[in-house]
Amino acid sequence: MGYADIGNGILMDSEHVLRTASVSKAVGGALLLKLADHPELWDLDVNDPVNTWIDGLADDYDPVTLEMLASNRGCVRWYASKETYTDPAEQQAQQDADAEMATTRYESDADAFGLYSGDPLVCVPGTYHYSTQASGALGRAMQAATGQTSAQLLENELAEPLGLEEMVGENLDDPSIRAAKAYAGATNTELDLHSSQKTFALFGGGVWSSAGDLAKFAHALGTGQIVDDPDYIWTGTPWTNYAYGWSLGSQNGQVKITKDGKADGADAYLIAYPDEDIQIAVLINREELTKNSSAKAIAEAIGAMLV
């Protein structure tokens with residue numbers, strides 16, 4: 001199991017929560033589909049243009065739908081360190097915005113959205129472009145549609161109904177959250193995550209969970225407890241490689257959906273085989289050291305024994 005707190009000799013147990021990093025995107029995708037399944041409660045459709053729910057966006061957002069945002073096809077920029085630039089001033093402005101978001105706790109995605117909402121899209125909408133900020137835009141739109149912040153949606157529409165007591169929104173200063181400490185490198189240097197916060201886009205990287213609750217989430221999704229037609233994720237969109245926060249594939253003839261996540265002090269991987277009702281979740285409170293010891297390698301090795 002390893003250590004939740006090396007300095008104090010506290011071993012990890014089933015109730016410790018860890019960063020899921022970008023596995024959060026699969027949670028956000030599931031919530032979007034759940035909202036769309038209940039028009040009696042929320043007048044929202046996955047094919048709504050994002051500017052239906054967010055005012056003041058530039059015209060180049062006109063073709064961007066909520067489904068595109070959830071599937072990394074909205075062409076919203078990612079971190080400035082991941083993009084390419086021809087204008088140094090634009091690059092610096094985006095780097096400054098990213099630094100502000102990383103060092104600030106936001107109560108909602110809406111509070112941070114203005115730091116990147118005016119940035120130009122980086123590709124033609126519908127083109128695959130990985131982006132945590134796209135998940136922030138999705139959270140902003142879902143808040144407009146429901147009146148609930150991403151943290152409230154996570155609690156009220158997912159964690160509480162499914163009994164996922166260890167699935168929570170990031171809050172580094174909440175003592176009630178039994179969070180494992182975060183580490184880096186072979187020497188296990190303890191990290192202060194206040195300089196790497198993810199509340200600006202909760203469904204981009206700000207969901208924390210135990211491994212057990214993350215697996216339970218994937219089970220609930222695949223068995224229709226969250227959305228009416230979970231098969232839509234892997235059969236309903238025009239895309240065959242990635243949709244609604246999941247990488248799409250197969251293994252030995254079985255549908256296989258996966259999501260990885262990496263962030264400061266976090267290495268996460270989630271596999272689901274919906275037809276077999278098998279879920280594998282691996283969370284590590286340290287950045288990946290080697291590919292052979294990564295969360296992905298461990299989860300895939302388990303999957304190879306089961307399917």
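Residues Val23 and Leu18 share a single hydrophobic cluster, defined by chaining ILVMFWY side chains whose heavy atoms lie under 4.5 Å apart. Hydrophobic clustering of Ile, Leu, Val, Met, Phe, Trp and Tyr side chains at less than 4.5 Å, counting indirect connections, keeps Tyr273 apart from Val255. No single ILVMFWY cluster, assembled from side-chain heavy atoms under 4.5 Å apart, contains both Phe200 and Leu193.
Remark: Asp229 pairs with no residue by the salt bridge (Lys or Arg N to Asp or Glu O under 4.0 Å) rule, at least two apart or across chains. Remark: Asp228 engages no residue in a side-chain hydrogen bond (donor to acceptor under 3.5 Å, both in side chains) (not counting sequence neighbours). Checked against salt bridge (Lys or Arg N to Asp or Glu O under 4.0 Å), Asp119 has the following partners two or more places apart in sequence or in another chain: Arg77.
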Derivation of the side-chain contact (heavy atoms from CB on, under 4.5 Å) call for Ile298 and Ile284 | CA-CA 11 Å; Ile298 295 168; Ile284 302 173; 4.2 Å; yes
Thr240 and Leu248: CA distance, side-chain angles, deciding distance, side-chain contact (heavy atoms from CB on, under 4.5 Å) verdict = CA-CA 6 Å; Thr240 58; Leu248 311 178; 5.7 Å; no
Glu157 and Thr146: side-chain contact (heavy atoms from CB on, under 4.5 Å), yes or no, with the steps?
-> CA-CA 11 Å; Glu157 309 303 333; Thr146 66; over 6 Å; no
Might you work through the side-chain contact (heavy atoms from CB on, under 4.5 Å) test for Trp42 and Asp37, ending with a clear yes or no?
-> CA-CA 9 Å; Trp42 303 291; Asp37 274 349; over 6 Å; no
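Asp96 places no side-chain N or O within 3.5 Å of a backbone atom of Ala93 that could act as its donor or acceptor partner. A donor-acceptor pair under 3.5 Å is absent between the side-chain atoms of Thr104 and the main chain of Met101, judged by distance alone. In terms of modelled atom types and a separation under 3.5 Å, the side chain of Thr65 and the main chain of Asn47 share no donor-acceptor contact. Counting only distance, with no hydrogens or angles, the side chain of Gln197 and the backbone of His194 share a donor-acceptor pair below 3.5 Å. The backbone N or O of Gly253 sits nowhere less than 3.5 Å from a side-chain atom of Ser250 that would complete a donor-acceptor pair. Ser71 places a side-chain N or O within donor-acceptor distance of the main-chain N or O of Tyr244, the cut-off being under 3.5 Å. Side-chain atoms of Arg19 never come within 3.5 Å of backbone atoms of Glu170 as a donor-acceptor pair (strictly under, hydrogens ignored). Using modelled atom types, no side-chain atom of Ser135 and backbone atom of Lys25 make a donor-acceptor pair closer than 3.5 Å. Thr52 places a side-chain N or O within donor-acceptor distance of the main-chain N or O of Pro49, the cut-off being under 3.5 Å.
Looking at heavy atoms from C-beta onward, Leu158 lies in side-chain contact with Ile226 at the 4.5 angstrom threshold. Inter-residue side-chain proximity for Phe203 and Leu138 is flagged as unmet; no heavy-atom pair is nearer than 4.5 Å. Side-chain contact between Asp260 and Ser22: absent, with no pair of heavy atoms (C-beta onward) separated by less than 4.5 Å. Annotation: side chain of Thr20 is not in contact with side chain of Lys259 (no heavy-atom distance under 4.5 Å). Taking the side chain as every heavy atom from C-beta outward, Asn8 and Lys181 approach each other to under 4.5 Å. Counting heavy atoms from C-beta on, the side chains of Val76 and Val64 never come closer than 4.5 Å. By the 4.5 Å heavy-atom criterion applied to side chains, Trp246 and Ile233 are counted as neighbours. Counting only heavy atoms from C-beta outward, the side chains of His219 and Gln225 approach each other to under 4.5 Å.
Once rounded to the nearest 0.5 Å, the distance linking CG of Leu202 with CG of Leu153 reads 9.5 Å. In this structure, CD on Gln133 lies 11.5 Å from OG on Ser117, to the nearest 0.5 angstrom. Rounded to the nearest 0.5 Å, atoms CZ (Arg105) and CG (Leu172) are 8.0 Å apart. Rounding to the nearest 0.5 angstrom, the gap separating the OG1 atom in Thr237 from the CD atom in Glu67 is 6.0 Å. For the atom pair Leu221 CG and Leu270 CG, the distance stands at 9.5 Å (nearest 0.5 Å).
The pair Lys216-Asp213 meets the salt-bridge criterion, since a charged nitrogen lies less than 4.0 angstrom from a carboxylate oxygen.
No side-chain donor from either of Gln94 and Asp98 sits under 3.5 Å from a side-chain acceptor of the other. For the residue pair Asp109 and Gln143, no side-chain donor N or O sits within less than 3.5 Å of a side-chain acceptor on the partner.
In this structure, Tyr232 places its OH atom where more than 12 heavy-atom neighbours from other residues, nucleotides or ligands lie under 6.0 Å away. For CG of Asp277, the number of neighbouring non-hydrogen atoms (other residues, nucleotides, ligands) closer than 6.0 Å is greater than 12. Sparse packing is recorded around CD of Glu165, with 12 or fewer heavy atoms of other residues, nucleotides or ligands lying under 6.0 Å away. Counting heavy-atom neighbours within 6.0 Å of Lys296 NZ, excluding the residue itself, gives a total of 12 or less.
Residue pairs meeting the disulfide bond (SG atoms under 2.5 Å apart) criterion with at least one partner in residues 67-184, sequence neighbours excluded, are Cys75-Cys123. Pairs of residues two or more places apart, or lying in two chains, that qualify as ring-ring contact (aromatic ring centres under 6.0 Å, His included) and include a residue from residues 102-145 are Trp78-Tyr130, Phe113-Tyr116, Tyr128-Tyr242.
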Under 3.5 Å donor-acceptor pairs involving side-chain atoms of residues 300-307, not counting sequence neighbours:
unit_1, atom_1, unit_2, atom_2, d
Glu300, OE1, Lys256, NZ, 2.7
Glu300, OE2, Lys256, NZ, 3.2
Glu300, OE2, Tyr269, OH, 2.9

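The shortest non-hydrogen separation linking Gly265 to Glu287 is N-CG, 3.4 Å.
Partner of Arg286 under the side-chain hydrogen bond (donor to acceptor under 3.5 Å, both in side chains) criterion, out of Asp264, Asp267, Thr189, Asn188: Asn188 alone.
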